[in-house]
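What follows is one structure encoded as structure tokens, with my remarks underneath.
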Amino acid sequence: YIEATEKASFSKLVPIALAILHGNLDGSIVEILEKTTDLWNFAYQINDDVTDWKKDYTEKNISFPIAMALSEMGFDNESFAHAPPKSNALASVMYGSILPRCLREARDSLTKAVSQLPDSFGKSAWMGMINDLLNHIEEKIRIIHEVLARSVSEKHRVSQAKLSFNGEKI
């Protein structure tokens, strides 16, 4: 809790510092910068949670994507504490729907962050950082889709092999 509070407090200093550096402490500018920073932080945290979800689950750290998957699987706090799902069952839900959805939300958050940022606040410099993170997110989405496609293809191949025995249908 203390660490989260410290991070949140620090993140609120960034927009104020940017406004001071720009010489404009107008409340509307600070508000825009706060929204932009919040959107950026959300996207960055989701990207991190997607990257570390297996480690987080092993260490019983329930991140946003893990909580979404557990909810989708019908787990609440009590049922999870009593009998958590096997990691392969969780992985199926994570890769099947949760991780791509979270990454799309992170991408949308970054896009919105850029659209809200005033041009006078170095929008082009921010665009470089944001595009790097967007490219990283898009690559993760591509890899997830590729892994899913291979998995479906492999399941189909195994299914077809089971149906055949020495060229004869079973």
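Side chains are part of it too, since the values below use all heavy atoms of this structure and drop only hydrogens, waters and symmetry mates.
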Shortest non-hydrogen separation from N61 to I66 and the atoms involved:
O-CD1, 3.6 Å
Rounded distance (nearest 0.5 Å) linking atom CG of D52 with atom OG of S63
8.5 Å
Would you give the length of the straight line joining atom OG of S92 to atom NZ of K86, rounded to the nearest 0.5 angstrom?
15.5 Å
Quick one: closest heavy-atom pair of F64 and I46, and the distance?
CD2-CD1, 3.3 Å
Heavy atoms only: give me the nearest W53-L90 pair and the separation to one decimal.
CZ3-CD2, 3.8 Å
Just by distance, do the side chain of S71 and the backbone of M68 share a donor-acceptor pair under 3.5 Å?
no
To the nearest 0.5 Å, tell me how far S109 OG sits from Q45 CD.
12.0 Å
Determine whether L39 and L103 fall in the same hydrophobic cluster, where Ile, Leu, Val, Met, Phe, Trp and Tyr are linked whenever their side-chain heavy atoms lie under 4.5 Å apart.
no
Could you walk me through whether S79 and D76 pass side chain to side chain donor-acceptor pair (under 3.5 Å), step by step?
CA-CA 5 Å; S79 60; D76 58 20; 2.9 Å; yes
Once rounded to the nearest 0.5 Å, what's the spacing between atom CZ of R104 and atom CG of L99?
10.5 Å
Output for pair (L110 CG, Y44 OH), nearest 0.5 Å, gives 12.0 Å
After noting the C-alpha distance and the side-chain angles of K112 and Q116, does the key distance pass the side chain to side chain contact (heavy atoms under 4.5 Å, CB included) rule?
CA-CA 6 Å; K112 190 173 180 181; Q116 291 185 354; 3.5 Å; yes
State whether the number of non-hydrogen atoms from other residues, nucleotides or ligands found under 6.0 Å of E146 atom CD is greater than 12.
yes
If we count only N and O atoms by modelled type, under 3.5 Å, do the side chains of E139 and N135 hold a donor and an acceptor together?
no
Do I32 and W40 belong to the same hydrophobic cluster, where Ile, Leu, Val, Met, Phe, Trp and Tyr are linked whenever their side-chain heavy atoms lie under 4.5 Å apart, directly or via other members?
no
For residues D108 and T111, is any side-chain donor paired with an opposing acceptor at under 3.5 Å?
no
Please report the shortest heavy-atom distance between A113 and T36, naming the atom on each side.
O-CG2, 3.6 Å
Return the minimal non-hydrogen interatomic distance between P65 and I98, and the atom names on each side.
O-CG2, 3.4 Å
Between Y57 and P84, what is the shortest heavy-atom contact and its length?
OH-CB, 3.6 Å
Electrostatic pair R101:E105 at N-O distance under 4.0 angstrom:
no
Between the side chain of T58 and the main-chain N/O of K54, is any donor-acceptor distance below 3.5 Å?
yes
Do K140 and N47 have side chains that get closer than 4.5 Å, going by heavy atoms?
yes
